[in-house]
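Everything quoted here is computed from the prediction, not taken from an experiment. Every chain is numbered from 1, with letters handed out A, B, ... down the list of sequences.
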Amino acid sequence: MFKVMLKKEILQIISSNKFAISFAVCSILILLTFFVGANSYLLSRDQYEAAVQENIRGMDGITDWRMINHRIFLPPQPLAALVNGISNDIGRNINMEGMGELRAHDSKYNEDPIYAAFRFLDLNFIFQIILSLFAVLLLYNAINGEKELGTLRLTFSNSVSRSQYILSKIVGSFSAIIIPLLIPIAIGFILLPLMGVPMTSTDWISLLGIIFSGVLYFSVFLTLSIFISASTAKSSTSFLVLLIVWIASVIVIPRASILISGRLVDVPSVDEINSKKSHYMRQISGETLSAMGNFKPTSNNDIMREFNEFMDEINTERDEKVTKFNSQVNQERRNAQMEQEKLALNLSRVSPASSFYLISSSFAGTSMELEKNYHEQAKAYQKVFADFQREKEGMTTGGGMMFIVRKAGVEENPIDPSELPEFVFKPPSLESRINSALPDLGILFVYNFIFFLVGYVKFLKFDLR
Amino acid sequence: MDSNIENNNKKPILEAINLSKRYEDNALALDNVSFTIHPGEIFAMLGGNGAGKTTTINLFLNLIEPTSGDCKIDGVSCVSKPLEAKKKVAYVSENVMLYPDFTAMQNLDFFIKLGGRMNLSKDEYKSVLKRVGLQEDAFNKKLKGFSKGMRQKCGIAISILKDAPAILLDEPTSGLDPKAGAEFVNLLKELKKEGKAILMSTHDIFRAKDVADTIGIMNKGQLVMKKKQSEIHNEDLEQLYIKYMAGYMENAA
Ligand SMILES: Nc1ncnc2c1ncn2[C@@H]1O[C@H](COP(=O)(O)OP(=O)(O)OP(=O)(O)O)[C@@H](O)[C@H]1O
Ligand SMILES: [Mg+2]
């Protein structure tokens, strides 16, 4: 009997016009996402490679490692093109000096505003908005619609148990919607290597993780729709209720939680921080200037070299102080920010849409962590770069005052840019992605379980007439 | 006279035993109703709107629980063993809708399998659809284009194919055109010959008199009249009905 009802459930959904339209729209959007995503990844990779080469080429003919204008770049990641997260919002380029604070510039949206206009087209959008909406549209009348049709009475004039019926309803509608959608997703998967997107095994597993969590998220709205449909007598009522819940969870709660946490936790603005920093900088620069008075050359033939070494020492000392102060100020801000973020995240987790966003961006490596990771790796590279400059020229850049002397008539050898240590960005490991996705995966499981259970219980008491 | 009506020592198929139903809002929709229907017997329930006809049928289908009393199908209680009882009953609802995105054949296929008959052939479906008078070009069309009468015919076909000993019909002729109505009466007679016990609610006095073996008139939840066809053979059923309805009006006033 279960099989008969399951088959009917699947047939009923896939033979409706509602489904045909939703399926077509979804398939097109999914294929488009993979296609546009792959294209945009390849484009960004070309741009990235060109920028890296341009950076090296800019060092042509330079004879002193302190004279180079070195920049590092955040390399594009294939999954970031499929689940954007914050990857397009954060700065990708950092001017590298051996000392001082690092600032990332030029986000993708900054450079190519056109992308900002198309920011919606990613897997996250498709699952979070489109698919959840389809679950609601296709299933808001799953139970009470059958009552309105009179098919519920006719069904239960047979020897059918309620629990079999509701189980076949849930399993059937899930299979009817998800299995067809796996087709465009599979094509998308094939499209990636075909279009030349290099996917590592971590990428593949993460992508599977994204799809899995998307299905889990979809199933939250499926069980929710069936639960609401079994709790109301009229399909017009359940439609209204579901629409309100959908808007709240997909649109209102994620934004509201940011607003609320912004109210509750005060974070000093960047301007505030910067003026604090520059105030300290002015103060300490005065000290540096007076320290310069203490320079006493020991010999006459290489005064400049001695002076530079002297200055490097002062600068290093000063940089240490400034860095310490800055990082302290930054840390204070960062702490407040983290508290705010944490609060916002926890508040937003009331909505499964937020949980799904957090999971998918964690898997894609485009969560909030990306900015932090990039910054930390850039800072680690800064040390390597500073050591390299010191080794080559006896001092590093970024400290402020510096004299470079060329001896007249002496032919200086140009630097060899290939000696420059390379900046290699390491995306998060699979393990760390899974770990940061786990709590929200748990939340989605709980939502599924609760809605399934209350839907089931509600139907056992549903008025069948 | 039909021999099987008189045959009271045969086991009844449909039994209502002091059946009462009070809804949550305290309306007594059914008040101590008892009747039995034997194999090959048609029981027609007449009565105004809200008299309790659908409530009676809902109790047999266990769509609602009785406040007191019991009802049985082929000796099985619909209250304590509904799943077993429902194996033995076919049902046509007041306003058959079925699945609008399924064809007639698909609707039939689903509900017949649900009724437990898994191995019927497409030809058997078709021959029954023909028997209830559905035009052949509609067999494979989606139900959403069907008229009320066409849907009704599909519903009747489903109930026939279930081949259960008891049949519950809630205003089965509403929506049927005169020709289809007459054909349906013939169909009922055939089912009766096959030995089915049929409970039918209807507003059609004349057809009831034509086809039913027993006629009951319901009034405010009570079975105020129950007579064998032979007893009212010579009476004007319409006059009888109006008489009982007049009583109803007085009671209501
Ligand atoms: N869910 C319900 N809650 C409360 N009262 C109900 C409910 N369903 C039916 N009733 C009441 O029970 C009584 C009998 O209703 P029922 O549907 O059995 O009438 P009926 O004889 O089938 O009428 P009709 O000829 O209009 O189909 C009516 O007074 C009706 O108002
Ligand atoms: Mg009725």
Side-chain angles (χ1 to χ4, degrees), chain A residues 1-23 137-139 141-169 172-173 176-177 230 233-235 459-465, chain B residues 21 23-24 29 54-55 57-65 73 76 78 81-103 106-118 142-144 151-152 154-155 158-159 162 164 166-170:
Chain A
M1 213 49 78
F2 182 78
K3 250 173 76 184
V4 172
M5 287 191 283
L6 189 69
K7 196 181 137 204
K8 169 245 135 192
E9 196 56 47
I10 294 173
L11 195 63
Q12 193 194 352
I13 287 179
I14 61 178
S15 58
S16 72
N17 289 336
K18 257 191 323 192
F19 175 80
I21 295 168
S22 323
F23 178 64
L137 288 181
L138 289 170
L139 298 170
N141 59 355
I143 304 287
N144 53 17
E146 292 237 19
K147 177 176 174 167
E148 287 166 343
L149 266 185
T151 44
L152 202 57
R153 294 171 61 88
L154 192 53
T155 299
F156 281 95
S157 74
N158 293 296
S159 179
V160 170
S161 82
R162 286 181 184 232
S163 70
Q164 272 197 354
Y165 180 86
I166 184 76
L167 286 180
S168 73
K169 197 88 195 171
S173 50
I177 303 173
K234 282 195 195 144
S235 59
F459 184 70
L460 295 186
K461 301 198 185 109
F462 191 72
D463 185 355
L464 298 172
R465 286 167 302 152
Chain B
K21 174 67 188 176
Y23 283 107
E24 293 75 22
T54 301
T55 301
I57 289 173
N58 283 347
L59 284 166
F60 274 102
L61 294 174
N62 193 239
L63 298 176
I64 48 178
E65 302 266 326
I73 302 173
V76 181
C78 305
K81 288 181 180 166
L83 290 187
E84 205 181 310
K86 283 195 264 188
K87 283 181 185 156
K88 302 173 182 222
V89 65
Y91 163 65
V92 180
S93 69
E94 209 170 329
N95 189 3
V96 179
M97 297 286 275
L98 304 177
Y99 292 106
D101 284 316
F102 284 5
T103 65
Q106 284 173 320
N107 268 299
L108 236 61
D109 187 58
F110 169 60
F111 284 107
I112 283 155
K113 284 183 173 153
L114 214 53
R117 305 201 65 198
M118 310 298 278
K142 288 195 173 187
L143 260 275
K144 57 185 159 196
R151 291 197 305 266
Q152 201 76 15
C154 291
I158 289 168
S159 71
K162 187 171 178 182
I167 303 178
L168 305 174
L169 304 166
D170 202 348

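Neither the backbone nor the side chain of B:Leu168 comes within less than 4.5 Å of any heavy atom of chain A. Of the two parts of A:Leu11, the backbone and the side chain both hold a non-hydrogen atom closer than 4.5 Å to a non-hydrogen atom of chain B. Of the atoms belonging to B:Ser159, not a single heavy atom falls under 4.5 Å from chain A. With a 4.5 Å cut-off on non-hydrogen atoms, B:Gln106 touches chain A through its side chain but not through its backbone. For chain A, the nearby part of B:Phe102 is the side chain; its heavy atoms alone come within less than 4.5 Å.
Atom CZ of A:Arg153 is separated from atom CD of B:Glu94 by 7.5 Å, given to the nearest 0.5 angstrom. Atoms CG and NZ, from A:Asn17 and B:Lys144 in turn, are 4.5 Å apart once rounded to the nearest 0.5 Å. To the nearest 0.5 Å, atom CG of residue B:Leu83 and atom CE of residue A:Met1 are 10.0 Å apart. Once rounded to the nearest 0.5 Å, the distance linking OG of A:Ser15 with CG of B:Asp101 reads 5.0 Å. We find the OG-CG distance between A:Ser157 and B:Leu114 to be 8.0 Å, quoted to the nearest 0.5 Å. We find the CG-CG distance between A:Leu154 and B:Leu61 to be 9.5 Å, quoted to the nearest 0.5 Å.
A 4.5 Å side-chain heavy-atom check between B:Asp109 and A:Lys8 finds every atom pair outside the cut-off. Residues B:Tyr99 and A:Leu149 meet the side-chain proximity criterion, which asks for heavy atoms closer than 4.5 Å. Counting only heavy atoms from C-beta outward, the side chains of A:Asn158 and B:Lys162 approach each other to under 4.5 Å.
For A:Lys18, the NZ atom is densely surrounded, since the number of other residues' heavy atoms within 6.0 Å is greater than 12.
A donor-acceptor contact shorter than 3.5 Å is absent between the side chain of B:Lys86 and the backbone of A:Val160.
Top candidate by heavy-atom pairs under 4.5 Å with chain B, chosen from A:Thr151, A:Asp463, A:Leu464, is A:Thr151. Per-residue heavy-atom pair counts under 4.5 Å with chain B were compared for A:Gln12, A:Glu148, A:Lys7, and the maximum is reached by A:Gln12.
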